[in-house]
Novice: 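One structure, pasted below without further comment.
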Amino acid sequence: MWTKALAAVLAMALLAPALAQEEDGYDLWLRYRPLPQAGRDDVLRQAQAIVAPRSSATVQAAVTELRRGVQGMTGQAPADAAQPRAGAIVLGTAATLPPALLPDGLAALGREGYAVRRMESGETVIAANTDIGLLYGAFAWLRAANTGMPLDRLDERSAPKLQLRVLNHWDNLDRTVERGYAGESIWNWWALPDVRDRRYTDYARANASLGINGTVLNNVNSKPEILTAPWIAKAAALADVLRPYGIRVYLSARFSTPLELKETATADPLAPEVAAWWARKADEIYRAIPDFGGFLVKANSEGQPGPQDYHRSHADGANMLAAAVAPHGGVVMWRAFVYAAENPADRARQAYDEFTPLDGKFAKNVLVQVKNGPIDFQPREPFHPLFGAMPKTPLVMEFQITKEYLGYATHLAYLGTMFEEALRSDTARAPGGLTVAQVVEGAQTPGRPTGMAGVANIGSERTWSGSHFDQANWYAYGRLAWNPQASSRAIAREWAAQTFTREPRALDDIVGMMSMSREAVVNYMTPLGLHHIMGTGHHHGPAPWVAELARPDWNPVYYHKADRNGIGFDRTARGSNALAQYAPAIARQYGDPRTTPEPLLLWFHHLPWDYAMPSGRTLWAELVARYDLGVTQAQALRTRWAALKPFVDARRHEDVAALLDVQVKEAQWWRDACVAYFASVSGRPLPAGTKRPALPLERYKALQFPYAPGRG
Ligand code: BDP
């Protein structure tokens, strides 16, 4: 009794400094903070020792992480053991595990899958077919321990549903980050390749813990220099650091690179000298980075060069690059985010119009990368009509993790719910349904590669993502890339338990906040299907009045089309007919405003202000009510967070609270400015009982933000 009590006191004393330690968010969800007594005992029972084949840097990484985790959660490090025994974690493959510990059906888990199981005989086995599977399995065990799952009953098997789970860094060579709100690029290009910041290893750990297995290092608005020898050497140094964690490096390639480097006379993809240049370039890259993933390309979009400059198609361009990397096993991810100033068609139509005729024309190692919606990462969009409409082409889902259009890193907006909404959408392209997730998982393209890309929200700030809650968006992206059918709510809970607190009631609250947060943003920014009414260029704050920009489709008025009579973009057959790009069942349903989901109403319809909404209000009154609701929801986020103070360490609680103050203020600003503007164009009085905007419309219009971050 006495010794037990003494041990407990001692353990507390040992752990106290960890509890008192101020947290700044650097540790992400890999904090491994001390468990309550029962959990600590459980971990100590299962992880007295670690048995591992000391074969590779990857296995080393797994063992190091397990040690770090157990030490952090219990205050005690596991011993090394040579032989499996009860109370030990045993890592191994079919080649190294004793037959009694080998899980059935391991082979079916593939190259990256794992099985984690506590055996009757007392060992915890982490089994996989490769070392990287072991690393993923180690992280799975740590996640279970860290979230307080009973470890003596652990029996988990998992394999990724997608092959390429990739981050896209929009990082420039001068270390600025396009649409980055978390400081400078984490790539210290200037000091590379000589200086390999330890942060790169922590980046790799965090990604591996989610199963992210690729990273595109540089901005899609790319520069030719990235493909020159000094920069290839820098990328190679990063690849060396990331390799043990199963992460391959990719580069964004500018289509006109050989021409701009003056090494060819043209960038025409069908010119033999151009194809030969790229083949030589690929050889050079693969000499430095033998497992180089391939190229990401933004071509003929927003002024970027591309094959159309030579009257060639996207397929001609992509296939030429694909041929260069094919001998090395590389891929090309060719973006479908295209729209051209010269094209007067509804911008929402353009990608589908350009790409569907090319279905079946892309080389085997090309994937077409499609944003979740047809415009541009708005707080809410319908799913992109290309999903399901290119049955012969692997489509990569592109999400934006960084919140360019959802309040930067300042506003709390958990994107798991938004990603889930897109993935679960039914394309109606097959009898019985075909969700976007199934398309991305390759249901239409068996045997071809599959993938998901997330535009990273990672920078050099201590929080990595610019705020504590924005880490959840990186986390949710990674977990959904592993399993696009996972639940965003379950992911939020898992993240919050590792990041903030394991206290169940507090967790309920945090998950509740996260789950409502994106809808709050939609309400105070762009309710009922409005979109792209943000400030010019930087996209910060409301600017629905902007009408004077050179390109029609850069102006918010192009998207909301509000005037005295009504509001909304008519995308039915009477309007741009973008709706016809969806499967007939959807086109039919959304063709009628009465059967269009309310959240997308003004995306597809232009309606009179007096249009009767299901609530019984007029459209005008409903719009104002939504803006008001958004503000109320932002306030609720703040109130709920305040109540969580006892459960979260002081510094991080304060950090979040400060941002929520800003969010409430900016939600109010969005609401006031939009209500003032739409009242002025509609000529309608405010619905009875509505608060008038704090300032006259002109004052909102006059606001300028020349130093807003993230413009690259
Ligand atoms: C838009 C961004 C722009 C990107 C572009 C893209 O505003 O900075 O370059 O997307 O995805 O959302 O290429």
Side-chain angles (χ1 to χ4, degrees), residues 348 373 375 378-382 405-407 411 413 516 518-535 541-547 555-572 575 590 592-636 663-664 666-697 700-701:
I375 294 287
Q378 294 303 294
R380 172 165 277 120
E381 297 196 27
Y405 294 99
L406 288 98
H411 295 206
M516 72 176 278
R518 176 263 188 154
E519 205 60 46
V521 173
V522 170
N523 284 328
Y524 61 71
M525 288 189 185
T526 52
L528 299 176
L530 290 178
H531 48 289
H532 223 305
I533 57 174
M534 293 77 185
W545 45 80
V546 171
N555 289 300
V557 296
Y558 169 92
Y559 295 98
H560 63 65
K561 302 205 182 326
D563 59 18
R564 269 204 111 63
N565 303 315
I567 182 170
F569 199 128
D570 186 354
R571 294 194 162 105
T572 69
Y590 292 14
D592 180 347
R594 308 264 148 219
T595 49
T596 302
E598 205 171 276
L600 295 174
L601 192 62
L602 303 177
W603 186 283
F604 288 111
H605 300 282
H606 185 84
L607 296 170
W609 292 109
D610 283 330
Y611 176 81
M613 297 293 288
S615 64
R617 298 187 183 106
T618 64
L619 173 56
W620 167 234
E622 186 69 37
L623 187 70
V624 175
R626 290 301 168 117
Y627 275 112
D628 281 332
L629 177 62
V631 175
T632 311
Q633 289 171 319
Q635 288 162 344
Q663 186 167 5
V664 169
E666 293 189 353
Q668 188 70 53
W669 165 38
W670 262 97
R671 180 266 178 207
D672 283 349
C674 290
V675 168
Y677 170 72
F678 290 124
S680 82
V681 286
S682 70
R684 308 217 152 209
L686 293 180
T690 306
K691 267 236 240 37
R692 58 183 50 266
L695 302 173
L697 178 58
Y700 297 112
K701 287 190 179 178

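Numbering starts at 1 and runs along the sequence shown.
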Novice: Does the pair W669 and Y524 meet the rule for a side chain to side chain contact (heavy atoms under 4.5 Å, CB included), with working shown?
Specialist: CA-CA 9 Å; W669 165 38; Y524 61 71; over 6 Å; no
Novice: Between the main-chain N or O of R594 and the side-chain N or O of D592, is there a donor-acceptor pair closer than 3.5 Å?
Specialist: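 Checked: pair present.
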Novice: Is D672 close to L695 at the side-chain level, that is, under 4.5 Å between some pair of heavy atoms?
Specialist: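 Of all side-chain heavy-atom pairs linking D672 with L695, none is under 4.5 Å.
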Novice: Rounded to the nearest 0.5 Å, how far does CD of E519 lie from CD of Q633?
Specialist: 7.0 Å
Novice: Think K561 forms a cation-pi with Y559, using NZ or CZ under 6.0 Å from the six-ring centre and within 45 degrees of its axis?
Specialist: no
Novice: Is a side-chain donor or acceptor of T596 paired with a backbone partner of Y590 at a separation under 3.5 angstrom?
Specialist: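 Indeed, once roles are kept as given, a pair shorter than 3.5 Å links the two residues.
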Novice: Hey, what do you get for CG (L623) to CZ (R617), rounding to the nearest 0.5 Å?
Specialist: 11.0 Å
Novice: How long is the straight-line distance from CD1 of I375 back to NE2 of H532, given to the nearest 0.5 Å?
Specialist: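 Those atoms lie 7.0 Å apart.
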Novice: Provide the closest heavy-atom pair for D563 versus N565 in the form atom of the first, atom of the second, distance.
Specialist: OD1-N, 2.8 Å
Novice: Does the side chain of M534 come within less than 4.5 Å of P379's, by heavy atoms?
Specialist: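 With C-beta onward as the side chain, the pair touches.
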Novice: Would you call V681 and V557 a side-chain contact if the rule is heavy atoms closer than 4.5 Å?
Specialist: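 Side chain of V681 against side chain of V557, heavy atoms only: no contact under 4.5 Å found.
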Novice: Closest approach of C674 and I533, non-hydrogen atoms and distance?
Specialist: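 Looks like SG-CD1, 4.2 Å.
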Novice: Return the OH to OG1 distance between Y405 and T526, rounded to the nearest 0.5 Å.
Specialist: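 Y405 OH to T526 OG1: 11.5 Å, rounded to 0.5 Å.
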Novice: Kindly give the heavy-atom pair with the smallest separation between L406 and H411, and that separation in Å.
Specialist: O-CB, 3.7 Å
Novice: Locate the shortest heavy-atom distance separating G535 from A543; write the atom from each residue and the value.
Specialist: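 Of all heavy-atom pairs spanning G535 and A543, the closest is CA-CB, 3.6 Å.
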Novice: Report yes if the side chains of L686 and P693 come closer than 4.5 Å at any heavy-atom pair, otherwise no.
Specialist: yes
Novice: Within the 4.5 Å heavy-atom criterion, are M525 and Q378 side-chain neighbours or not?
Specialist: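 No. Closest side-chain heavy atoms not under 4.5 Å.
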Novice: Determine whether L528 and I567 make a side-chain contact, defined as any pair of heavy atoms from C-beta on separated by less than 4.5 Å.
Specialist: no
Novice: Can you tell if the side chain of L601 reaches within under 4.5 Å of the side chain of Y611, non-hydrogen atoms only?
Specialist: yes
Novice: How far does OG of S682 sit from CH2 of W609, to the nearest 0.5 angstrom?
Specialist: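 Interatomic distance, S682 OG to W609 CH2, rounded to 0.5 Å: 5.0 Å.
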Novice: Enter the distance from L607:CG to L619:CG here, rounded to the nearest 0.5 Å.
Specialist: 6.0 Å
Novice: Ring centroid separation for H560 and F678, is it under 6.0 angstrom?
Specialist: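 Centroid separation for H560 and F678: below 6.0 Å.
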Novice: Answer whether the closest heavy-atom distance between the side chains of R671 and T632 falls below 4.5 Å.
Specialist: no
Novice: Taking all non-hydrogen atoms of both residues into account, name the closest pair between G373 and E381 and its distance.
Specialist: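 Of all heavy-atom pairs spanning G373 and E381, the closest is C-OE1, 3.0 Å.
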Novice: Any sub-3.5 Å donor-acceptor pair from W670's side-chain atoms to V631's backbone N or O?
Specialist: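 Judged by distance alone, no pair lies under 3.5 Å.
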Novice: So which heavy atom on P685 is nearest to which on W620, and how close?
Specialist: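 It is O-NE1, 3.0 Å.
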Novice: Looking at Y558, F604, W603, which one forms a ring pair (Phe, Tyr, Trp, His ring centres under 6.0 Å) with F569?
Specialist: Y558
